[in-house]
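Right, one structure below, let's go through it.
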Number of protein chains: 2
Amino acid sequence: MNTIKILAVDDHKMTMVGYKYILEDTDFEDYVVEMDMEDTFDTGKQKIEEASKKGAPYHIILLDIQLSPIKEGYARTGEDLGIIARKISPTSKIVFLSSFSDNYRINSIMQSVNPEGYMVKTEINEDALKDMVETVLTVPPFYTKKALIAIRNRMSSDIHLDDNDKKLLYYLSIGTKTKDMVEYVSLSLSGIENRKRQLKEILGVGKENDYALITAARDKGFI
Amino acid sequence: MNTIKILAVDDHKMTMVGYKYILEDTDFEDYVVEMDMEDTFDTGKQKIEEASKKGAPYHIILLDIQLSPIKEGYARTGEDLGIIARKISPTSKIVFLSSFSDNYRINSIMQSVNPEGYMVKTEINEDALKDMVETVLTVPPFYTKKALIAIRNRMSSDIHLDDNDKKLLYYLSIGTKTKDMVEYVSLSLSGIENRKRQLKEILGVGKENDYALITAARDKGFI
DNA sequence: TAAAAACCACAAATATTGTATGGTTTTTAC
DNA sequence: GTAAAAACCATACAATATTTGTGGTTTTTA
């Protein structure tokens with residue numbers, strides 16, 4: 001019997017334990033599953049490196065998007081870890097676990113990591129986990145329904161936002177004042193005003209307020 | 001028992017008949033299925049209009065991408081019909097049936113029609129058909145695996161091609177000479193040359209030939 | 001091996017985008 | 001309710017980016 005090695009990196013230890021027992025108890029056709037768990041960016045990265053160096057890289061790496069609140073200098077997200085994992089363990093299948101609140105990051109993750117799987121946590125259950133493992137090992141990708149809906153929304157518009165646009169929308173969404181945005185977005189104040197107008201136009205919110213703008217951006221799968 | 005009304009538009013009559021018998025024989029929880037069939041753009045459009053005007057629009061419209069070879073002036077594809085169907089029958093769920101050879105059009109279709117479902121014909125069977133009906137009626141979208149793979153390819157690159165780029169790639173793919181492209185793409189000859197160079201750069205085919213370019217474009221899900 | 005097509009490079013023209021400025025309207029806070 | 005702050009708008013100008021035209025070289029085709 002072969003063994004499929006899975007690493008889960010998530011700072012909600014209890015959820016991980018749940019996944020572990022489910023997957024290790026599941027009857028798979030040709031293999032059994034063995035799951036390691038880590039709850040920080042650093043220890044997760046370390047495990048991936050070790051396994052890879054030993055010539056026994058993880059078959060599947062499960063990553064929570066939101067990793068534990070910053071310990072040292074600055075936040076390192078699951079996305080960052082995914083990017084690194086792709087490099088140091090290229091054969092591993094990477095699957096993201098997203099809570100509803102950070103599902104908006106799916107587009108960024110699709111581009112930076114292009115994971116073999118993406119699951120929204122509220123949709124995870126025994127069947128979904130089993131299905132995920134079988135699918136990513138054979139014919140990826142595996143996306144849960146809500147992930148698919150987000151992807152569909154994004155695909156259906158051919159609007160292209162550059163880095164400044166995304167930053168602008170992000171800072172707007174966290175309540176940054178337009179006049180303060182010059183500090184974060186490399187544009188002049190009037191440049192920012194122009195872009196904002198333009199974005200409202202593109203996203204179909206004529207002259208409505210900023211709330212309408214970020215709602216539209218979220219609906220369409222940006223930010 | 002409710003009745004779900006489906007219209008299939010496909011010029012392969014035999015395949016359609018197969019779908020019809022499968023779907024009308026399938027045991028659904030809350031309804032039975034009734035399927036109409038048409039094999040041309042015009043008759044398909046007509047049926048959709050009639051049903052819509054009678055206040056009983058089709059619940060689901062299945063469209064083959066490739067409709068019968070041109071009869072009158074110019075070709076009308078399933079995609080064109082999909083765009084029209086969205087307008088005249090906005091409550092209908094639209095599902096495309098693609099043969100492998102025209103699967104490359106999925107991206108265009110995702111933008112122009114944004115269908116509730118997309119199935120590659122080689123992946124269609126009883127289960128898939130049943131699943132499709134249930135899914136598009138309740139929680140769309142429904143995509144078969146190969147469609148998903150194409151979508152994933154497209155999502156993972158943030159390359160943005162404008163209309164001229166797409167046209168250029170398309171005409172290149174059908175063998176149009178560069179010098180003749182000025183007729184179809186609204187750019188000067190040197191403009192076209194520039195874009196071509198640029199596209200090769202962007203799509204990662206350094207100074208290879210045109211074949212490499214269109215292959216790369218197809219792989220990544222453009223054209 | 002000519003002729004055609006593709007490819008390349010560069011300067012000039014054009015279009016797009018960003019900036020600075022000064023003003024009006026809307027929102028916010030007291 | 002009102003004054004200050006912020007957002008919004010318009011315009012001229014500056015900076016960039018893109019397209020064009022031209023004249024060439026290389027590659028492909030017949």
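Protein chains get the first letters and strands the later ones, always in sequence-line order, with residue 1 at the start of each. What you see is a predicted model; the values in this text were computed from it and never measured.
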Legend entry - Spacing of A/D162 atom CG relative to D/dA17 atom P, expressed in whole Å: 12 Å
Inset, instruction - Could you state the atom-to-atom distance from CG of B/L189 to C1' of D/dT20 in whole Å? - result: 10 Å
Inset, instruction - Could you work out which one of D/dT19, D/dA6, D/dC8 sits closest to the side chain of A/E193? - result: D/dC8
Legend entry - A/L172 CG - D/dC8 P separation (whole Å): 9 Å
Legend entry - Spacing between B/K177 atom NZ and C/dA4 atom C1', to the nearest angstrom: 8 Å
Inset, instruction - Record whether the side chain of B/T178 comes under 3.5 Å of the base of C/dA5 through a donor-acceptor pair of N or O atoms. - result: no
Inset, instruction - Report yes if a side-chain nitrogen or oxygen of B/K196 is closer than 4.0 Å to either non-bridging phosphate oxygen (OP1 or OP2) of C/dC7; otherwise report no. - result: yes
Legend entry - D/dT26: pairing nucleotide in any strand, Watson-Crick or G-U under 3.5 angstrom: C/dA5
Legend entry - Pairing nucleotide - D/dT16, Watson-Crick or G-U, each distance under 3.5 Å: C/dA15
Inset, instruction - Give a yes/no on whether any side-chain N or O of B/K200 is located under 4.0 angstrom from OP1 or OP2 of C/dC7. - result: yes
Inset, instruction - Could you check how far CE of A/M181 sits from P of D/dA6, rounded to whole Å? - result: 13 Å
Legend entry - Phosphate OP1/OP2 of C/dT17 contacted by A/R195 side-chain N/O (<4.0 Å): no
Inset, instruction - Kindly check if the number of other-residue, nucleotide or ligand heavy atoms within 6.0 Å of CD (B/E201) is above 12? - result: no
Legend entry - Phosphate OP1/OP2 of C/dC7 contacted by B/R197 side-chain N/O (<4.0 Å): no
Inset, instruction - Take atom CD of B/Q198 and atom C1' of D/dA17, then tell me their distance rounded to the nearest Å. - result: 10 Å
Inset, instruction - Nearest whole angstrom, please: distance from the P of D/dT28 to the CG of B/N209. - result: 9 Å
Legend entry - B/L187 side chain, from C-beta outward: closest of D/dT20, C/dA6, C/dG18: D/dT20
Inset, instruction - Rounded off to whole Å, could you give me the CG-to-C1' distance for the A/N164 and C/dT19 pair? - result: 14 Å
Inset, instruction - Examine the side chains of B/T77 and B/Q66 and answer whether a donor and an acceptor come within less than 3.5 Å of each other. - result: no
Inset, instruction - Would you kindly say whether B/K121 and B/S98 are connected by a side-chain donor-acceptor distance under 3.5 Å? - result: no
Inset, instruction - Taking atom types as modelled, find out whether A/Q111 and B/S156 have a side-chain donor-acceptor pair closer than 3.5 angstrom. - result: no
Inset, instruction - Output the single nucleotide from D/dA7, C/dT19, D/dG21 whose closest atom is nearest the side chain of A/S190. - result: C/dT19
Inset, instruction - Indicate whether any N or O donor in one side chain lies under 3.5 Å from an N or O acceptor in the other, for A/D36 and A/Y58. - result: yes
Inset, instruction - Using heavy atoms to find the nearest nucleotide of DNA chain C for B/D210 and A/G191 separately, return the residue whose nucleotide is more 5′. - result: B/D210
Legend entry - Base of C/dG18 paired with side chain of A/S188 (donor-acceptor, under 3.5 Å): no
